[in-house]
Each structure stands twice: as C-alpha cells, then as structure tokens.
Colleague: 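Quick one: the structure is below, questions incoming.
Convention: sequence-line order gives letters A, B, ...; per-chain numbering from 1.
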Amino acid sequence: MNARYHRLKGTRDILLEEAERWRWCEDVWARVLGRYGYGEIRTPIIEPTALFLRSVGEGTDIVDKEMYTFEARDGGESLTLRPEMTASVVRAYLENGLQRQPGTLKFFYMAPMFRHDRPQAGRYRQFHQLGVEALGSDSPVLDAEVIQLAMALFDAVDARGLLVKVNSIGCRACRPAYLDDLKTYLKGRLADIPESLQGRIETNPLRLYDAKDDQMQAVLGGFRPITEALCEACREHHAIVLDTLARLEVPVQADPTLVRGLDYYTRTTFEITAGSERKQSSVAGGGRYDHLVEQCGGPSTPAVGFSIGIERTLLHLGDDVIDPQLSRQPAVDVYVACRGRAAEQHGLQLADLLRGFCRVEVDTTGRALKTQVKSAVARRARLMLTVGPEEIETDTVQVKNLDSGDQAAVARGHLLTAVREVLEG
RNA sequence: GUGGAUGUAGUUCAAUGGUAGAGCCCCUGGUUGUGGUCCAGGUUGUUGUGGGUUCGAAUCCCAUCAUCCACCCCA
C-alpha cells in the first residue's frame, strides 16, 4: 500500500515456496520431455513485430489488440514482446540452419509470454507457457504422440480430470472451398447472427465456431462442420490421429466445432480443458502447422506442437495461491546466533567452515537471543550455534541440538566433527 | 474494449456524520545468554488519490486510480 512502486497490471511476483513449487514442476516436466526426445530452446522474449503479424495472423485477437508493441530507439523498427513462442521457434530453426539437420527436430520451452488483455482469474498479461514444437514430420502418428505427451506432462504433476478435444481444420486443398461455402451460408442467415459477430464472417468465419452465443451456435448447427468437408488426405490423416490415440488409450473427444485462435494451424487442432467450475478452463492448446516454416521463408516443413498454460495448470492443481507473508523461508541445517555485532564476523567464519556439506544461516539481525532461537526453529534447523563475547574469548562455540535441547561448549577446532556427527550420524 | 464488486496498520477486519480501533504478525522486557505458555510494554495509518457537501467526512456526492470477478478472447 505504501510501496512507492507497484507491479504492472496483470503481472505477479512468485517467491519462496511458490517459486519452489514452480521449480518442482519445471524439473518434473523437463525429465518427461527428455524421455520423449525433446531438447530445450530459449529465444529472446522480444522479436520484430512482423514475425507475429505473419505467423499468428492479422485478424486474430492476439495481433489486433493484445500485443506489447513499441518502437526501437534506433531506426524505429517495430518490436514486440512475444505473445506466444511458436513463431520464434520457427525463426530460430531457420536462422540457425537447422532445416539441414536430419530427422525431426523436437524442442521444448518453459517461458514467459505477454498479452495485453484484461486480467482475471487465470489470465495474466505476463504468463508462462510450457511449449513443444516438433519440426520436420507430417506423420499423423506424431500428432498423436504430441497429444499423448501433453497428457503425460499433466499426469506427471498430478493434474487430473482433463478433457482433450481433437479436430481437423483441413489444409490448403480443402479449407478454402469450405470457407467460401460457409461465408455464403452465413451471409444468407445474416439476420440471425448477432451484430457483434458479423464482422468475423469476412475476416475469420471459422472462428465463429468458438463463439459461445446460443443464437450463433444455432445458425452454425444448420451447416455441415469442416470435418465433413475434408479432402481425402486430410480425412485419412485425421482418422489415423484418432486411431493412434485410441491405441495409446488416450481418451479424447472428437469435436468438429473446435477451431483455434491462430491462423497457422492446418489439419489437427486440439485443446485440453480442466472441467473445473472456474472459468479460464483451457489449460493447453495446439495443433499442426504445416506451412508456417515455408511462410517464414524456409523450405516446406511440416510441424506440430502445443503449449500448456503453467499458471492455469497450477490453478487447476489448486495450489496457485500462496500468501507471501506465510510463505516460509528456506530450511537450513545449522543456524548461527550471534550475540552482539562483534560476533557476526565469527559467525560467518563458522558458517564458511560448514557450508561445504550443509545449509547454514547466520543471524545478522542483532535481535535478542531468544528471538534468534525462535528463528532457528522456524527455519527447521537441527543445530544452533551461538557465538558471543565469551565464546570469542575462549575460542569456543555453543552447540545446541534443537531436537533434544542439549547444549555444550565445543572448541572451534572440533566444531566441524561435532556438527558432522549430529547431522550425518 | 464492456459490465459488476471492493479499497481503513505488514495482514484479517471493526468503527450512527463527532478524538481511527481490535485480533494475528513483528519488536523489547519479565528470564545478566536460549525454543512452548503466560504477563507487561512497543512500532506500524495523509482511511487508495483528488475534489465537493458539512461547523465537522473512513462514513454522503463526483471524479480518478488500483485490485478482484465476469463478458470478450485465450494459455
């Protein structure tokens, strides 16, 4: 309240126990990803604006109204804080000449993204995604593996009760004709379509499918879904994806109305939702993007990927909120209490002696000894060392076992063995 | 971008238009240098901010900002 500076709207501080929680998830996920053959990629959070305009697509909410875009100081180039990372991965793939690598390249990342949206539960302006991109294979079996991987990642952190929806939105061969037919149909039913949605008929008719408006859904219900308009190749691809998932025993729901907010998807799209009562239930989304690499100036390269919302996953796990005030400081093995400022230097030297094999905190607050003992207990220390004028005089240290309460003076020369004995014995 | 709710101590919350309080937390002491309980004391506020009404505003009015929630959209 009285702090002079405040965090920006839609951003969050993650500290101590909550940060530990994050790192635990990240470690678990990195291990799973390694088992699937994915390697990490880290790219700059800032990119030329054009990269996102081209890939994510003009006409999407993300580029139309949610990007953090600004001009560079020099030269006035337009720059943007990444709203998602697929485009960056493709850029890096081409820029580093990886299209010459044999086989399918598989990358993962866990990184912050930025969207200037109105914040609410589970939605932030800086949020984090775990993402996966596999470049170089057009196999439907890979689509299935990627979806299974997403579920394995959730499973690894005990996120349960998730629903996977899968669809195909066709390819260059079959989608354009479908879109034309759909537009014609929608124009004929214009009177039944809410005004706020009418603009989308021209710009992005497919996306009307994820409007929640009942009237809109009723209109769309009168038209064949895209799944019934797929070309032969897309139809087969979709069938194999579903069949493979069935063989892997990944429960999914085929949903012909599932489309996604990004322009670059082809064929397979999928979304994973947490069936909780909360809104923002979408915890992951992804799909195939067979033309994006080409569109970014590279050779024709099929690819598939997804991203998981980390905040939303933690929200679903129910332990997102940790009160900073109740968030405990890290546990230590040994707590060094100091009587008087002069003792602090000695305390630090003792700590230095012990830190080769255990965790040590030196209390430099100058508080009453009683208070320092309480802190030692709060930090879950097993031993407390006390240094004061008398110990300095006699070159000893008071060693107190906080479990038993026993305490004895130990010559500094014997401290190391004494501490080891308790901690390791 | 639209709508709703809420802003008082570090925190959780009180306070008919009449001197801004309590619990918890924190600190000191009781115990010349030791954990729990108890006891005594102590710190913390431009009542989000700026205007207005009034003899007098935390309280009523207006504006503004912030947070939360929902729509939209998405992760």
Colleague: Among B:C27, B:C69, B:A75, which nucleotide has an atom closest to any side-chain atom of A:R115?
Modeller: B:A75
Colleague: Nearest of B:U28, B:C74, B:A75 to any side-chain atom of A:R367?
Modeller: B:U28
Colleague: Only pairs with both distances under 3.5 Å count, Watson-Crick or wobble alike; so what is the partner of B:A57 in this structure?
Modeller: none
Colleague: Closest to the A:R118 side chain: B:C71, B:C73, B:G33?
Modeller: B:C71
Colleague: Using purine N1 to pyrimidine N3 plus N6-O4 or O6-N4 for Watson-Crick, or N1-O2 and O6-N3 for G-U wobble, both under 3.5 Å, which nucleotide pairs with B:A70?
Modeller: B:U2
Colleague: What residue among A:D138, A:T268, A:D143 forms side-chain hydrogen bond (donor to acceptor under 3.5 Å, both in side chains) with A:R288?
Modeller: A:D143
Colleague: Say you pick atom C1' in B:U6 and the same atom in B:C38; how far apart are they, in whole Å?
Modeller: 39 Å
Colleague: Under the 3.5 Å rule, do the base of B:C72 and the side chain of A:R123 count as making a donor-acceptor pair?
Modeller: yes
Colleague: Hey, what do you get for CG (A:L51) to CZ (A:R82), rounding to the nearest 0.5 Å?
Modeller: 11.5 Å
Colleague: Output one letter per nucleotide in nucleotides 35-42 of chain B: B when a protein non-hydrogen atom lies under 4.0 Å from the base, S when only the sugar-phosphate is that close, - when neither is.
Modeller: BS------
Colleague: For the residue pair A:R420 and A:F357, would you count it as a cation-pi contact if the rule is NZ or CZ under 6.0 angstrom from the ring centre and within 45 degrees of the ring axis?
Modeller: yes
Colleague: Donor-acceptor pair under 3.5 Å: do we get one between A:Q407's side chain and the base of B:U34?
Modeller: yes
Colleague: Select one nucleotide: of B:A66, B:C74, B:G29, the one nearest the side-chain heavy atoms of A:A368.
Modeller: B:G29
Colleague: Which base sits across from B:A63 as a Watson-Crick or G-U pair, both distances under 3.5 Å?
Modeller: B:U49
Colleague: With a 3.5 Å limit on both atom pairs, tell me what B:U44 is paired to, counting Watson-Crick and G-U wobble, or say none.
Modeller: none
Colleague: Does A:Q129 get its side chain close enough to the base of B:C74, under 3.5 Å, for a donor-acceptor pair?
Modeller: no
Colleague: What nucleotide among B:C74, B:U34, B:G33 has an atom nearest to a side-chain atom of A:R339?
Modeller: B:G33
Colleague: Of the candidate nucleotides B:C73, B:A75, B:G33, which contains the atom at the shortest distance from the side chain of A:R312?
Modeller: B:A75
